[in-house]
Amino acid sequence: MKAYIETTLNRALDTLGVPPDAREGVVVEHSRGTGHGDFATNAALVLARSEKRNPRELAAQIVRALPASDDIEKAGVAGPGFVNFFLSPGAWQSELGRILDAGDEYGRQKSDANLRILVEFVSANPTGPLHVGHGRGAAYGDSLARILEAAGCGVHTEYYVNDAGRQADILAVSVWVALLELAGERPRLPEAAYPGEYIKQTAGKLREAFGETVVHPWKDIAAALPSDAPEGDKEAHVNALIEEAKTRLGKDYESLRRDALAMQVEGIQATLKRFNVHFDRWFSESSLVADGAIEHALTRLSDRGHTYEEEGALWLETSALGDAKDRVLRRGDGTTTYFASDVAYHLDKLERGHDIALDVWGADHHGYVARVRAAVEALTGRGEAFEAQLIQFVTLTSGRMGKRSGNFVTLDSLLDEAGTDATRFFYLARSHDQHLEFDVKLAQQRSNDNPVYYLQYAHARIASLWRQLKEKGLDWNRSSARRQLSRLGTNHELTLIKHIARFPETISAAAADRAPHQLAHYLGEVAQAFHANYNSETILVEDDAVRSARLALASATQGVIASGLALLGISAPERM
RNA sequence: GCGCCCGUAGCUCAGCCGGAUAGAGCAGCGGCCUUCUAAGCCGCAGGCCGCAGGUUCGAGUCCUGCCGGGCGCGCCA
C-alpha cells in the first residue's frame, strides 16, 4: 500500500518535471494521528529548499498533479506543507483480499539477495546453569533469528561452547572436590572454584562412573598447594590444584573434565529447549584446536602482515584497525589465548559462506567488539561482516521485595515462576539495548494486568468464533468471503485492516533494526484494534454476507497474531 | 583517566533515516456483561522529553559541554 502511494507520488513528481536525483530525502510514511489521513509525504518540504519555493504552494501543485485513482479518496495539504493521502475503504478492502490470498505465508518475504546470516547467541560458559541475564540473550537471539528468516535472510544459529579453556579445568576440579567430599574427605573448596548445588549434583551423578579411582586423601593434596585467598593468591591456588588433579588422576582427569562439561551442556540444552530456543549447531571451541583452525587463522594473520612478536608472545596489531591496543594471540609459553580461538571461530563462520556474523553478547562484553572487528578486518578485509548486538542487563523486581541482579537467579527458576510465554514476552517487549527491569510478580500473574495474555486472548477469542460457527452448523470459506469484503466499512474494521496491513513492513523493520521489540509492540496494537472491533460489532450475525466478511477480517487478524507470536517464540492458544 | 550504553507521565517503557497537538501498559478516578470469552471495551486525569548551548524552515531524535545512573578497560575465559 505504501509502495503504491510512492509510485503515485513519483508519477506526480514526473509530471511536474522534478528530476529523480532531486528527490533525495523525500519519503512516504504512515501519518501520525487520525486527522492526517493514512499516508503523508514531506516531498514539498524537501523540494521547496532546492527549488526556492513556498512549500505549501508546491504541495498544492503536487496534489493537482496526482493521477486519478479509485484508491485515493482525497489528498490535501496540511501543516507546513505535508501532503496527506486519505485512502478509500475500497483500497483497504482489496488490501485485505490480498492478505487473505497470502494465507499463512502473509508477512514472510522472499528476498532475492538471500543474505546469509549466522546468529551466535547465549554461548554461556558450560560451567553452570543459565541465569536470567543469559535468558534475555536467548530470547532475543532466537526471536531475531526467526524474524530475519521471515524477512528473507538465510539464517543459521549457533551456540559457541567454551570447552577448551581454564574455566573447564576449574569446573573439573570443583567437581573433583565435591567427589572427594562424597567419599568422606573434608576438602576445602578453593575461592576461585565454582560453588553451588549443581556442582554437588554433577558429582553425585558422576560418582558411580568414577567410583574410588579419583579419591585421594585431601591432606596430601592440600600439602602440595600454595595457600588460598585471603592469605594467598586464589588463582595460583586453583592452578596448582588443577595440576595436582592432572598428575594424580592421569587419563581419568580428561574423562572427568569431559563428563562434567557434558553434563553442564546437557543442563543448558534442557533449559533452552524448555524456553523454546533452538540452535542449529553447538559449536565446540576445542574442535578448533583439534582440526587446526587456530593455526590456520594465525598463519593467515601473519601472512597478511598483521602480527608481530614481542616478549616471546605473538601479537595481533588490532590497534591499527580501531581497537584500543594490540592483543596477544599466543602466549610466551606457547599456548593460544581465548581471543585466538574466537578469531579462528569468526574466520570459520565467514569461510563457511556467511555474509554476516552476528553475535549477541551481554553488554559487559562491549569492550570486546572493537578487537573482534579488527581481527575480522585483518583476516578478510571486511570488518563490517562482523556485527555485535549487545544485550543490556536485567534486574529482577517483585513487588516491594526490592531489586535482585538477574545474574544470580537461574533461568529455570524464573521459568518455574512465570512460564515460557510470559518470560519471553517480558524480555522481548523491551529494546535490547535498554536496561530491563523484570517484574517477576507481574509476569507470573494470570490476570489482565499481564500484557502477554492480551495478545493471546485476542487469538483465543477468534479461535472461539470458529467453534461457535461450527456449533451453529455454519461454515466459512475464503474464496466466497473474498467477494463480500465491501461489507466492511466501520471505523473499527478499517482501523483493524490498516493495522494488519503493516505486518510485512513491521517484520522488515524489526529485521533491519535487529529489534524484535518492534514486533511485540506492533502485535499489541493489532490486538488492541481487534478487541475494540470485537466489542463494537458482533461478528457472528445472521446476514451471511456480513458475517462472511467479518470472519474474513477475523481470520486475517488471527493469522497475523499467530505468525507474530511464533516469531517471538510465544504460543497462540486456542482457548484461555 | 579512557571507552561503550542510558536519563521521556507516579512506576515500567515505546517513539521508525529530524517532521505536524510527545504515545502505550500499570497504578488513580468514572462508566459498560439477559447478545460471539469482562484475561475485554469506553472515557477522565497525568509530561521544562536530565540541564545548558549549537545546527536546522523544523530537535525527544543530530553536535558540544555539564550533571546523574549502568558497564568495560588481563599473556582470564
Given C75(B), A77(B), C36(B), which nucleotide is nearest the side-chain atoms of Ala313(A)?
C75(B)

Determine whether any donor atom in the side chain of His365(A) lies under 3.5 Å from an acceptor atom in the base of G72(B), or the reverse, and answer yes or no.
no

So, is C33(B) syn or anti if syn means the angle is within 90° of 0?
syn

If you look at every strand shown and take non-hydrogen atoms under 4.0 Å, does Asn84(A) touch a base, only sugar-phosphate, or nothing?
base

Report the residue from Tyr427(A), Phe426(A), Phe393(A) that forms a side chain to side chain contact (heavy atoms under 4.5 Å, CB included) with Arg136(A).
Tyr427(A)

So how far is it from Thr538(A) OG1 to Arg547(A) CZ, rounded to the nearest 0.5 Å?
12.5 Å

Would you say a side-chain N or O of Arg331(A) is under 4.0 Å from OP1 or OP2 of C76(B)?
yes

For Glu311(A), which contact category applies under a 4.0 Å heavy-atom criterion: base, sugar-phosphate, or nothing?
base

Has Arg461(A) got a side-chain N or O lying under 4.0 Å from the OP1 or OP2 atom of A38(B)?
yes

It should be established whether Gln434(A) places a side-chain nitrogen or oxygen under 4.0 Å from OP1 or OP2 of nucleotide U12(B).
no

Side chain of Leu45(A) only, heavy atoms from C-beta on: which candidate in G40(B), C36(B), G19(B) is closest?
G19(B)

Rounding to 0.5 Å, atoms CD (Glu471(A)) and CG (Leu540(A)) come to a distance of 10.5 Å

May I ask you to check whether Gln389(A) and Asp359(A) show a side-chain donor-acceptor distance below 3.5 Å?
no

Is the shortest side-chain N/O distance from Tyr454(A) to OP1 or OP2 of C41(B) below 4.0 Å?
yes

Contact under 4.0 Å: Lys325(A) side-chain N or O vs C75(B) OP1/OP2:
yes

Closest to the side chain of Thr538(A), out of A77(B), G69(B), U35(B), is U35(B)

With distance as the sole criterion, is a donor-acceptor pair present between the side chains of Tyr338(A) and Glu285(A) under 3.5 Å?
no

Give a yes/no answer on whether the side chain of His517(A) brings an N or O atom under 4.0 Å of OP1 or OP2 in G15(B).
yes

So which nucleotide from C36(B), A39(B), A14(B) ends up closest to the side chain of Met576(A)?
A39(B)

P atom, G54(B) versus U61(B): distance in rounded Å?
14 Å

Can a side-chain donor-acceptor contact be found between Thr127(A) and Asn125(A) if the only test is distance below 3.5 angstrom?
no

Which part of the nucleic acid does Ser431(A) contact within heavy-atom distance under 4.0 Å: base, sugar-phosphate only, or nothing?
sugar-phosphate

Under 3.5 Å for both pairing distances: what stems, at least three Watson-Crick or G-U pairs long, include RNA chain B?
B:1-7 with B:67-73, B:10-13 with B:23-26, B:28-32 with B:40-44, B:50-54 with B:62-66

Let's test your reading of the model: under 3.5 Å, does the base of C41(B) pair with the side chain of His531(A) as donor and acceptor?
no

Regarding Thr506(A) and Gln518(A), is there a side-chain donor-to-acceptor distance under 3.5 Å anywhere?
no

